[in-house]
Enquirer: 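Please read through the structure below; I'll follow up with questions.
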Amino acid sequence: MSETESFNSPPDDESPFEMAVQYLPGVGPHRAALLSNLGVKTVHDLLWLVPRDVLDLSHLSQVNDLTDDRIHTLRGRIIDSDSKAISRGRTMTGAILRTDDGLVRGVWFNQPWMLRQLQEERFVLWSGKPKFRDNRWEITNPRLQWLDEDDEQAKGEVLTKYRLTEGISLEVLRRYIHAALELVKGQVADHLPQRFRDKYSLPGLEQALWQLHRPDTVESFQAARRRLVFDEQLDFQVGMALRRRIRRTREKSPEISVTPRIDARIRRLFPFDLTAGQEQAIADIVSDIAHEQPMHRLLQADVGAGKTVIAIYAMLATIAAGYQAVLMAPTELLIQQHWQTINEALLHSRVKRCLLTGNLTASVRRERLEQIASGEMQLIFGTQAVIQNDVRYHQLGLAVIDEQHKFGVIQRGQFRAAEKVPHVLVMTATPIPRSLCLTQYGDLDLSVISELPPGRQPVVTSLVLNAKVAKKAWQFVAEKIREGRQVYVVCPYIDSPEADAPAGAVQIHEVLQSGELRDFRVGLMHGQMDRGEQQEIMASFRERELDVLVATTVVEVGVDVPNASLMVIFDAQQFGLSQLHQLRGRIGRGAFRGYCFLFSKSDNEDSLERLRAVERSANGFEIAEADFELRGPGNVLGTEQHGNQPFRLTDFARDEQILSETSGAATRMVESGTIDEPDFAPLKLRVIDRFGEQLGLTRTG
Ligand code: ADP
Ligand code: MG
């Protein structure tokens, strides 16, 4: 398009979907501002506002069928009405509905204006929950649907219900949505070809929008909702599938073969036999990296299942083949600990290795970057610092990302390599429910380690809800410390300025030091201390110079001190279930049985029920499922990095079926090349417009 042409196009020549809701009939700027509380800014937003629920008033009852346990709809004619004053300015309006088989009374309080309508004695549908009173069925405030005549075919409505906001009533919202539907009537282009819709029994998009908001039946509402969720998931899954295709056809990684000699040399570094799950994961990786097609593998294993060993194996194999390997972890503490592990394992090795974190001096950092760029540095450990713009690798063969759930979805694959891309291994200890796995990690192959190393006993978890039990718990803790064990005490906050606020680590540290644990050496660690200080405290805990470590969730992931076998968690209801499981995963890692006490002063039954789920189950997967059901996906994955969740419509607990359907459909469509056919072009463009940047796709891809 030339400049003059674009200049000439009128500014209001935009799609009606993009129009601000303010300009819809009857809305205006004030109501538009209120609607934005529902996330609604444009006509599109309004139309894609999925009802929370539907109320089926479509089935008509006879008077003889009435029950007082549910809403009924009746059809009849109003035959009598009256209105009278009852105490102090209150009025009661009543009417009698004559149906085919009897009479029902309706009453309205303080709505004297109803009388006029009722006096017309028209045919009408009444809906409401009846009560049997004074020998007659009565409905208070029945919902009215006037009929023009004695229409035997008349059916009640299927009413949609929406999440509302202050100042926007259900009726008003319905009116706006109707106006939006009218506005776009006949203009809804369907991006899915008919043949595809037929195959998956999806209604057309325009029909789906009408049926979503003004359904004829509950079934047609459900079909409409399914269509929109299907769209949302299909877009994402097609994006993932396109991404896989590009990777497979365009990106190349080094071929790394692991000879028996190399294999034996690496295994000698581990003081134990690998578990069957670890062996399988290693076999998966070894077979992946032997090919130039880049590995993208997710290693999922419960806390303590021994993922670090796998990472070390894969990295050393990569180095043995002459390439660089990098390990990225989400926190300084965690990377320090991995660093220590690798240094112990490589005590007598000449592998050139370094740490790259955010707190290096400029000159040290510059020197390291040079060594990395020249290829002199073989093994690089670091935080997000390892994917910063100025980090150039020489020949990066493998990138391992530990505890990926703490990073955003996007941060994978940002390792800047000269020519070939590295193989990528992602590790996570938060077992992810299958449906979420499909969406967050749909482009990764999966290895799962389901068993823990032998001899590991499950952590014994107990809820501590009152002072008496707390006293016993502390006695038990003291006893164990005398036997030589160490203890973590975890608090939800660093500081609690008010006495009744949830526990702050600073206060708890003081209280314990002069109280329950006064005979022992009690340390304190939290995220506001500088990194050096944190490392020192962690080191002295590891060296057993401290018996007790009072900390915030800085100890949540990956910290590994086998002698620490006890944990006390204050105000446990403040944490997510998976987070509690992670925390608990810090103990019972050595030969000693782990004991975890969940302290809570909450009297909220829901909170307590959630804590009981953690008390009951030692299985991270079960807990993640429970967490997921109770709190939604954001909390399982950690909300921080997932603010831009691409899924607004999907209900992960309910729509699992759609997730697997779309994942299959997307894979087949891309593998078979159907996606490149002309009638799928609208879908493909839409996917690239939405996810192109995130997934590294372009329109020409
Ligand atoms: P996670 O999977 O939670 O990251 P780690 O890799 O930190 O677990 O391993 C947990 C502990 O188990 C470590 O102390 C590690 O040395 C030990 N470990 C790992 N694999 C085995 C094994 N096969 N046999 C015995 N201990 C093991
Ligand atoms: Mg770990």
Side-chain angles (χ1 to χ4, degrees), residues 263 266-283 285 297-316 327-347 381-383 400-407 425-432 446-459 485-486 488 538 541-542 544 553-565 567 578-594 596 618-621 623-624 638:
D263 175 77
I266 299 174
R267 282 172 192 269
R268 266 206 298 277
L269 300 172
F270 307 137
F272 37 66
D273 290 332
L274 299 184
T275 63
Q278 287 172 320
E279 290 290 0
Q280 183 57 51
I282 286 178
I285 293 166
R297 184 166 288 281
L298 173 67
L299 174 59
Q300 189 174 301
D302 207 343
V303 179
K307 292 182 295 295
T308 315
V309 167
I310 315 280
I312 291 178
Y313 185 103
M315 290 190 293
L316 294 181
L327 173 69
M328 176 163 88
T331 67
E332 193 106 7
L333 209 63
L334 201 49
I335 202 68
Q336 287 287 349
Q337 183 180 283
H338 282 316
W339 180 239
Q340 185 160 344
T341 309
I342 191 83
N343 282 331
E344 281 161 18
L346 296 182
L347 202 56
F381 276 45
T383 52
V400 181
I401 307 177
D402 192 21
E403 306 297 351
Q404 149 93 24
H405 67 284
K406 292 277 155 185
F407 293 112
L425 175 66
V426 171
M427 308 200 294
T428 179
T430 300
I432 299 159
L446 188 63
S447 293
V448 178
I449 306 180
S450 45
E451 81 266 60
L452 298 179
R456 200 78 69 70
Q457 302 147 299
V459 172
R485 302 290 77 75
Q486 289 167 284
Y488 295 102
M538 204 61 225
F541 188 62
R542 204 189 314 276
R544 301 168 80 161
T553 52
V554 287
V555 296
E556 179 183 346
V557 268
V559 170
D560 186 26
V561 179
N563 189 53
S565 64
M567 178 173 282
S578 291
Q579 199 176 13
L580 289 172
H581 184 64
Q582 269 287 343
L583 283 166
R584 176 173 69 174
R586 301 307 110 220
I587 57 173
R589 298 171 80 85
F592 311 105
R593 184 181 268 276
C596 176
N619 178 323
F621 195 84
I623 289 173

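If you read the sequence from its start, that first residue is 1, and numbering goes on from there. Quick caveat: nothing in here was measured; it's all calculated off a predicted structure. Atoms within each ligand, like the ligands themselves, are counted from 1 in listed order.
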Enquirer: I want to know if ligand 1 touches G304 in the polar sense, i.e. an N/O pair below 3.5 angstrom.
Expert: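 Yes; the residue has a nitrogen or oxygen that sits under 3.5 Å from a nitrogen or oxygen of the ligand.
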Enquirer: Could you please spell out the steps behind the side-chain contact (heavy atoms from CB on, under 4.5 Å) verdict for W339 and I342?
Expert: CA-CA 5 Å; W339 180 239; I342 191 83; 4.0 Å; yes
Enquirer: Show me which atoms of ligand 1 lie under 4.0 Å from any heavy atom of A305.
Expert: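 Taking each heavy atom of A305 in turn, ligand 1 has 2 (O) under 4.0 Å.
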Enquirer: Quick one: which ligand 1 atoms are inside 4.0 Å of a heavy atom on T275?
Expert: 23 (N)
Enquirer: Tell me yes or no: between the side chains of H581 and N619, is some donor less than 3.5 Å from an acceptor?
Expert: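 No donor-acceptor contact under 3.5 Å links the two side chains.
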Enquirer: Is ligand 1 under 4.0 Å from a heavy atom in the side chain of Q278, in the backbone, in both, or in neither?
Expert: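 Side chain only.
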Enquirer: Go through ligand 1 atom by atom and flag the ones less than 4.0 Å from a non-hydrogen atom of G306.
Expert: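 What qualifies from ligand 1 is 1 (P), 2 (O), 5 (P), 6 (O), 8 (O), 9 (O), 19 (C).
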Enquirer: If you measure from each non-hydrogen atom of T308 to ligand 1, which part falls under 4.0 Å: side chain, backbone, both or neither?
Expert: both
Enquirer: Would you kindly say whether R297 and S447 are connected by a side-chain donor-acceptor distance under 3.5 Å?
Expert: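 Present: a donor and an acceptor within the cut-off.
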Enquirer: Where on D273 is there a heavy atom closer than 4.0 Å to ligand 1, on the side chain, on the backbone, on both, or on neither?
Expert: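 The answer is the backbone.
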Enquirer: Crowded around N343 CG? As in, over 12 foreign heavy atoms under 6.0 Å?
Expert: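 Yes, the 6.0 Å shell around CG holds more than 12 heavy atoms from other groups.
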Enquirer: Is there at least one pair of N or O atoms, one from P453 and one from ligand 1, spaced under 3.5 Å apart?
Expert: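 No - when backbone and side-chain N and O of P453 are compared with those of ligand 1, no distance drops under 3.5 Å.
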Enquirer: Check for me whether A301 has a heavy atom closer than 4.0 Å to any atom of ligand 1.
Expert: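 No heavy atom of A301 comes that close to ligand 1.
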Enquirer: Minimum heavy-atom separation for T275 to P454, with atom names?
Expert: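 Where T275 meets P454 most closely, the heavy atoms are CG2-CD, 4.0 Å.
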